[in-house]
Number of protein chains: 2
Amino acid sequence: MADQTKGEAERPQRRRRKMQSVTMMDVAEFAQVSPSTVSLYLRRPEAVSASAGSTIARAIEKLNYVPNLVAGGLAAASSRAVSIIVPSVRNAFFAETVAAMQNILRKEKLQLILGHTEYDEREEEELVKTALSWAPAAIVLTGLSHSDATRRMLQKASVPVIEIWELGGQQIDAAIGFHHDQVGAAAAKHLIQQGRRNLAYLGARLHEDKRAKQRCDGFVETAKIAGVTVDVIQHPAAASAEVGGMLLSEALQALPQLDGVACSNDHVALGALFECERSSISVPGRLSIVGFGDLSFSAACNPPLTTIRPSGDLIGREAARLIIEHMAGKEPEPQISIDTRFTLLHRRSS
Amino acid sequence: MADQTKGEAERPQRRRRKMQSVTMMDVAEFAQVSPSTVSLYLRRPEAVSASAGSTIARAIEKLNYVPNLVAGGLAAASSRAVSIIVPSVRNAFFAETVAAMQNILRKEKLQLILGHTEYDEREEEELVKTALSWAPAAIVLTGLSHSDATRRMLQKASVPVIEIWELGGQQIDAAIGFHHDQVGAAAAKHLIQQGRRNLAYLGARLHEDKRAKQRCDGFVETAKIAGVTVDVIQHPAAASAEVGGMLLSEALQALPQLDGVACSNDHVALGALFECERSSISVPGRLSIVGFGDLSFSAACNPPLTTIRPSGDLIGREAARLIIEHMAGKEPEPQISIDTRFTLLHRRSS
DNA sequence: TTTGTCAATCGTAGCGCTATGATTGCAAAA
DNA sequence: TTTTGCAATCATAGCGCTACGATTGACAAA
């Protein structure tokens with residue numbers, strides 16, 4: 001039988017939780033200052049005296065102190081994390097932007113939290129929700145089209161939003177990128193300038209990749225205005241050299257007069273190039289090929305590939321700059337949009 | 001600098017900090033339960049009664065509650081974040097692994113925090129330090145060679161560490177990958193089997209890319225054992241088609257008898273292929289080419305590229321699996337190593 | 001001297017949540 | 001009846017840090 005032992009014997013021993021080996025308090029103690037001073041030193045070294053600063057620095061070194069960013073994030077209501085949501089990092093374009101951002105942000109001790117939509121708006125919505133629960137310093141999204149729910153969440157949360165890789169639609173906050181229809185237009189103009197009169201656009205996954213679709217539309221429109229023949233040959237699969245080969249072969253069959261093609265991207269163009277080689281079609285003699293992306297192999301092809309370079313790294317750098325400026329307290333102009341433009345590289349495939 | 005506008009009317013109002021619009025307390029209040037129950041429901045729905053569960057679910061829905069993962073991470077001493085550190089996500093191999101991990105982890109509401117070393121051990125050390133300050137659920141590193149400081153930090157922190165893309169060295173915790181020297185050996189064996197007797201390895205950035213170096217070494221060793229001629233032609237720049245072209249041209253000049261090459265990766269092989277085309281060298285008639293990676297264009301080349309596929313996605317999937325199992329409380333065998341192997345794809349370039 | 005100013009430093013109340021141990025209510029066992 | 005066992009729920013003490021406001025001390029101005 002157990003007695004009713006409530007409330008008589010005091011048990012001062014309370015529960016404990018986890019433990020971070022060395023905390024800011026330990027550093028403060030060691031350096032003979034208050035925790036506040038340590039915190040201040042860490043955040044704004046110039047605000048503490050030189051002597052205190054060096055003492056603290058020594059203590060940190062000695063104790064091998066690693067700040068707990070999670071605690072800091074909670075206290076400050078904003079973490080040193082930047083959430084970036086792209087269709088997929090397997091795509092070289094986005095990989096380049098992510099890498100460029102990362103390389104700048106890491107110097108500011110900002111972490112990149114990565115998410116993949118796989119071109120799915122629902123997925124994006126889910127990712128944005130999770131991203132927000134990290135109270136990130138900023139959130140970077142790909143493109144301008146999002147679900148209403150996504151837009152609402154973002155609007156309500158007071159997080160700076162940067163939309164990248166697209167311009168010309170309705171933006172939430174800041175946008176950095178270029179006009180994809182202009183890319184298509186540039187490709188068309190270039191081919192026409194080269195004397196081509198029977199054009200086609202070789203498109204991959206146009207139903208999902210909105211930006212590839214915009215490039216395609218720009219191409220077609222410009223060609224039509226110029227009064228030359230133009231067709232779209234497309235495939236639902238993601239852009240690849242294999243798809244490029246298939247598309248060109250299909251295009252040649254359907255359009256015997258074909259003398260110029262623009263491609264979804266350089267992978268497709270590469271496939272088209274190989275297909276020409278297999279079919280003994282001279283490039284650019286009989287057919288001109290224009291790609292998009294200036295991928296790592298494009299200049300080394302035979303013949304080197306004429307392509308349009310979108311400067312994905314500039315997009316990343318500009319995004320990082322905006323974020324850093326925002327964190328430094330600089331109030332950015334609302335609805336700012338930065339056109340990173342693109343460059344047509346005229347090489348020998350056209 | 002803001003104006004100092006204080007001092008007239010006394011405001012006994014104490015300080016306030018930030019505000020998350022809807023907190024768990026709000027949900028609890030709305031659902032007429034205690035915050036603990038809401039928390040419990042969120043973490044282990046099966047532990048609360050069905051009625052309470054649905055009430056809470058409704059409250060969450062109604063209030064549009066988004067949990068604060070930062071606060072949760074602090075309280076639980078471990079965040080729902082997985083830190084992954086790779087040389088660069090621009091590299092298609094790592095991009096694939098990252099993407100595969102992400103696609104599994106997102107279903108578990110785990111976030112990927114990305115870091116780039118750019119093949120720099122110092123940088124890696126810095127990244128590991130920052131990563132640890134996020135108290136991640138796990139930390140994933142590329143390769144087995146790290147600085148002593150990195151190793152020490154990792155050892156001291158009680159975070160599961162997974163090293164990927166390499167096997168055969170001294171591992172910290174778990175390792176998932178394959179033996180790169182075996183890749184080189186397989187390439188050599190294959191070329192020899194095809195009747196090639198004058199081999200070369202076309203290597204890019206071998207001084208930094210330790211794994212490419214291992215492949216190279218495996219290639220050379222195997223060739224030597226088999227008694228065939230073997231050379232290494234290398235370039236300090238990162239692997240690219242351009243470098244591949246240069247390397248092959250250099251190799252042909254230095255080794256007129258050359259009849260088989262293995263390459264750092266498929267980009268280099270692609271460049272070699274184009275160089276052969278330019279120099280009218282028949283492939284595989286006069287020269288066999290073996291790549292590494294099975295990149296998106298490799299099967300579509302002309303001729304299609306014989307290459308070795310490393311299954312970077314499997315590495316990612318296995319890593320994700322290990323992490324999820326660990327979080328579910330399953331104690332993993334220490335020093336586990338998973339060999340994801342590789343496949344030689346014999347196509348027409350050899 | 002007193003007062004004011006300013007830079008440097010400190011004290012402390014949370015940030016929103018989780019995990020521990022306690023408590024409750026009810027059905028089955030004693 | 002009382003006890004026990006169990007599932008469901010709750011109360012509460014932090015997790016480690018930041019930022020607000022207060023305090024200190026040194027020096028210039030009055």
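By convention in this document, chain letters (A, B, ...) are assigned in the order of the sequence lines, proteins followed by strands, and residues within each chain are numbered from 1.
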Please report, rounded to the nearest Å, how far the [atom2] atom of [N] is from the [atom1] atom of [X].
X       : N      : atom1 : atom2 : answer
A:Leu74 : C:dA13 : CG    : P     : 17 Å
B:Met25 : C:dT18 : CE    : P     : 14 Å
B:Met24 : C:dA19 : CE    : P     : 10 Å
A:Arg44 : D:dC17 : CZ    : P     : 18 Å
A:Gln32 : C:dC10 : CD    : C1'   : 14 Å
B:Leu69 : C:dT18 : CG    : C1'   : 13 Å
B:Leu40 : D:dA7  : CG    : C1'   : 11 Å
A:Asp26 : D:dC15 : CG    : P     : 12 Å

Assess whether a salt bridge exists between [X] and [Y], defined as any Lys/Arg side-chain N lying under 4.0 Å from an Asp/Glu carboxylate O.
X        : Y        : answer
A:Glu125 : A:Arg151 : no
A:Arg106 : B:Glu126 : no
B:Arg152 : B:Asp148 : no

Legend entry - Closest-nucleotide 5' rank along DNA chain C - winner of A:Ala71 and A:Glu46: A:Glu46
Inset, instruction - Could you check whether A:Ser49 gets within reach of a base, just the sugar-phosphate, or nothing at all, counting any heavy atom under 4.0 Å? - result: sugar-phosphate
Inset, instruction - Would you indicate what B:Val33 reaches in the nucleic acid, counting non-hydrogen atoms under 4.0 angstrom: base, sugar-phosphate, or nothing? - result: sugar-phosphate
Inset, instruction - Say whether, by atom type as modelled, one donor and one acceptor occur between the side chain of A:Arg80 and the main chain of A:Ala137 under 3.5 angstrom. - result: no
Between [X] and [N], does any side-chain N or O lie under 4.0 Å from OP1 or OP2?
X       : N      : value
B:Tyr41 : C:dC17 : no
B:Thr37 : D:dC10 : yes
B:Arg43 : C:dC17 : no

Legend entry - Under-3.5 Å donor-acceptor pair between B:Thr23 side chain and C:dG16 base: no
Legend entry - Polar pair under 3.5 Å, donor/acceptor by atom type, side chain B:Ser34, base D:dA11: no
Inset, instruction - Run the numbers on A:Ser133 and A:Thr130 for side-chain hydrogen bond (donor to acceptor under 3.5 Å, both in side chains), then give the verdict. - result: CA-CA 5 Å; A:Ser133 65; A:Thr130 319; 5.6 Å; no
Inset, instruction - Measure from the side-chain heavy atoms of B:Ser36 and tell me the nearest of D:dT18, D:dA11, C:dT18. - result: D:dA11
